Number of protein chains: 2
Amino acid sequence: MSDQIRMIDVARRAKVGIGTVSRVINAPGSVSEATRLRVMKAIEESGYVPNLIAGSLASKRTNVIAVIVPTIGNPVFSETIEAMGDQFREEGFHLLLGRSGESEQEAHAVVTTFLARRPDGLFIHGGSASPPTAALLGRAGIPIVESGDLSLAENPIDMVVAYSNFAAAKAMTEHLLGQGYRRIAFVGRETRYNDRALERQRGYCAALEEAGIKVRPELILQCTLGFRQGAEALRLLRERDPGLEAVFFGGDVWAAGALLECQRQGWTVPDEVAIAGFDDHEIASQTVPPLTTVRVLRSDIGRRAAQLILGRLKGRSDLPRVVDVGFQVVKRGTA
Amino acid sequence: MSDQIRMIDVARRAKVGIGTVSRVINAPGSVSEATRLRVMKAIEESGYVPNLIAGSLASKRTNVIAVIVPTIGNPVFSETIEAMGDQFREEGFHLLLGRSGESEQEAHAVVTTFLARRPDGLFIHGGSASPPTAALLGRAGIPIVESGDLSLAENPIDMVVAYSNFAAAKAMTEHLLGQGYRRIAFVGRETRYNDRALERQRGYCAALEEAGIKVRPELILQCTLGFRQGAEALRLLRERDPGLEAVFFGGDVWAAGALLECQRQGWTVPDEVAIAGFDDHEIASQTVPPLTTVRVLRSDIGRRAAQLILGRLKGRSDLPRVVDVGFQVVKRGTA
DNA sequence: CTGTTAGCGCGTTCAC
DNA sequence: GTGAACGCGCTAACAG
């Protein structure tokens with residue numbers, strides 16, 4: 001590694017003090033035009049690249065936002081991250097990206113090492129924060145946004161930007177009931193370590209129960225996300241109940257996979273079996289027939305989260321602690 | 001912000017010197033078991049979180065890898081990033097995520113501010129690096145991996161992990177020719193600011209020309225990625241040439257959208273029109289019929305890139321400067 | 001408007 | 001195996 005040029009080198013070259021160089025970079029307005037140009041020239045000529053590590057240590061600000069999500073592979077999260085990143089970039093902040101992993105220990109470890117990097121703010125998705133982790137985050141003294149489910153607002157670390165998975169799933173199930181379907185199955189993720197999945201499943205059950213329909217456990221499937229898994233789930237459910245009328249998939253990818261399976265098998269949708277999804281993924285409007293689903297604006301989550309964190313960093317105190325971004329049942333052709 | 005506990009506080013509590021605390025954290029083996037435990041206890045009790053900013057300044061290592069991609073919204077990149085992140089995490093490195101944006105100026109700005117954060121390594125996707133940007137990166141003195149297209153290897157900044165978009169597109173076009181199709185269209189991204197798109201289009205043209213078929217510009221479409229755009233492209237191409245035999249889409253999302261359009265219109269695939277994709281996205285094997293496509297292992301790119309950077313950081317000198325991860329034509333049902 | 005100086009919190013020498 | 005001192009490169013406060 002070639003030795004880096006330091007601020008002092010630039011200062012000497014421009015024949016000014018080191019403080020002036022710092023000001024040219026961080027508060028150009030407070031320097032006379034003449035010296036500013038001289039310093040700029042020296043910076044250019046020497047190829048100086050400021051050392052933000054040193055700057056951060058001195059200023060106690062890193063301009064880094066820590067982002068912790070279960071996985072960036074899921075478009076649901078990458079959309080959120082992208083929108084968040086756009087907002088932050090405009091204000092000069094960068095994203096430090098981390099995965100919460102599967103276990104609470106992993107999540108705790110990530111949070112610890114991330115806090116060690118002294119981010120100015122932190123976004124964390126999911127109930128990944130166990131009590132000790134939450135305590136750690138609380139003590140960090142930085143703006144924190146949790147996302148994943150509105151129920152986090154009951155005991156928030158700091159701020160929450162989310163929607164209610166329970167209400168959304170309940171609304172879709174009610175929509176299906178309203179269409180006259182009675183024998184409705186549900187496909188979701190493993191609920192054991194995933195609160196969102198649990199909330200959705202609970203919403204489905206609640207709607208059925210309110211309608212006086214008994215929840216049949218054999219019509220509730222938990223599996224990993226994927227087109228193939230959606231197809232398999234549909235086959236299995238129709239085996240279990242040949243009279244099945246509708247399937248509510250807690251993710252469009254499953255639903256799309258199931259639709260493709262219907263096409264292969266020659267099952268007509270929604271007449272033979274109705275299908276509903278969740279997310280309003282891009283593909284949802286393009287399937288044949290187009291998919292009835294629940295729309296959640298992931299980019300809104302990212303945008304609002306960024307705005308809250310930025311607002312807090314700017315010292316604003318009129319900010320909400322909880323933002324419900326809501327959802328929308330989108331009726332299309334499959335249910 | 002509550003005042004943070006510093007190393008000196010822990011040292012005093014454990015009645016040791018500050019150096020010993022540092023050693024307990026960074027080189028536990030060089031400390032006696034007794035004092036180590038005493039220090040550990042003090043760390044626990046005080047809730048000490050090390051300040052890696054200060055540590056980085058002193059050690060000149062940040063354990064941060066800068067990752068610059070056009071967008072994380074595209075699964076192609078998120079897969080790469082995810083695989084890379086997994087590798088780096090195991091070694092204690094974290095990812096600083098940035099977007100190169102559309103213009104060279106934007107890319108230059110991102111690179112500059114990222115280098116200012118003194119990452120230990122950098123991954124950059126795309127020909128986003130204009131000559132001045134490349135020079136800047138070269139002077140940084142850190143391991144750098146470029147990705148996006150194998151042609152980057154002709155004039156690499158440091159290392160390159162990629163495949164040949166040209167060869168891959170040519171191979172698929174040759175496959176289509178081998179199946180007997182002659183009137184073949186191509187759909188890709190805007191080639192103006194996207195070298196990969198250009199390489200793919202060139203590969204398509206080269207295959208046609210070698211087969212003695214004249215390239216018809218009206219059968220080359222450039223548009224943004226999306227299911228809907230794929231459907232639209234197919235309609236437009238069939239209008240332009242009712243005798244069209246095959247369409248090679250430079251992305252599975254377009255191809256899947258086109259297949260759905262065929263379903264809506266009642267066009268049989270591949271008899272009325274053959275369709276080929278690119279990427280071997282998860283959906284490719286699930287469409288009806290399953291999609292013939294080009295497989296590129298994005299996770300391999302991420303993994304190999306991480307290995308190269310890590311290897312270099314460990315001082316290994318037997319590392320390749322160029323890794324061709326290759327591709328594979330996957331014949332399925334659509335062509 | 002500008003130069004100087006004192007830390008920021010830690011890693012890394014050294015002596016011991 | 002351990003403690004003390006120095007310096008990493010910069011920001012911020014102050015004096016001029």
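These numbers come from the heavy atoms of this one structure, side chains and all, not from hydrogens, waters or symmetry mates. In this text, all values refer to a predicted model and were calculated from it rather than measured experimentally. Proteins come first, then strands; the chains are lettered A, B, ... in the order of their sequence lines, and each starts at number 1.
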Report the distance from atom [atom1] of [X] to atom [atom2] of [N], rounded to the nearest whole Å.
{"X": "B/I18", "N": "D/dA4", "atom1": "CD1", "atom2": "P", "result": "10 Å"}
{"X": "A/I8", "N": "D/dG7", "atom1": "CD1", "atom2": "P", "result": "14 Å"}
{"X": "A/I5", "N": "D/dC8", "atom1": "CD1", "atom2": "P", "result": "16 Å"}
{"X": "A/D9", "N": "D/dC8", "atom1": "CG", "atom2": "P", "result": "11 Å"}
{"X": "A/R6", "N": "D/dC8", "atom1": "CZ", "atom2": "C1'", "result": "10 Å"}

*Check whether more than 12 heavy atoms from other residues, nucleotides or ligands sit under 6.0 Å from atom CZ of A/R304, and answer yes or no.*
no
*asked:* With a cut-off of less than 4.0 Å, is there a side-chain N or O of B/K60 near OP1 or OP2 of D/dG9?
replied: yes
_Nucleic acid contacts - residues 20-33 of chain B versus DNA chain D, non-hydrogen atoms under 4.0 Å_ = B/T20, B/R23, B/V31, B/S32
_With the threshold set at under 4.0 Å for non-hydrogen atoms, list the residues of residues 35-54 of chain B touching DNA chain D in residue-number order._
B/T35
For the residue pair [X] and [Y], what are the closest heavy atoms and their distance?
{"X": "B/I5", "Y": "B/S46", "value": "CD1-O, 3.0 Å"}
{"X": "B/V49", "Y": "A/T112", "value": "CG1-O, 4.1 Å"}
{"X": "A/F123", "Y": "A/S147", "value": "CZ-CB, 3.6 Å"}

*Any side-chain heavy-atom pair from A/E154 and A/L152 closer than 4.5 angstrom?*
no
*Are any of the side-chain heavy atoms of B/L150 and B/Y163 separated by less than 4.5 Å?*
no
_Upstream residue (5' side of DNA chain D) when A/S59 and B/V16 are each assigned their closest nucleotide_ = B/V16
*Is A/G19 touching bases, backbone alone, or none of the nucleic acid, heavy atoms closer than 4.0 Å?*
base
*Picking from A/I301, A/T71, A/I72, what satisfies side chain to side chain contact (heavy atoms under 4.5 Å, CB included) with A/F77?*
A/T71
*Closest nucleotide among C/dC10, C/dT12, C/dG9 to the B/L57 side chain*: C/dG9
*Check for a donor-acceptor pair, side chain of B/E146 on one end and backbone N or O of B/V161 on the other, with a separation under 3.5 Å.*
no
*Any donor and acceptor pair, going by atom type alone, linking the side chain of A/D149 with main-chain N or O of A/N165 inside 3.5 Å?*
yes
*5′-ward residue of the pair A/K15/A/R118 relative to DNA chain C*: A/K15
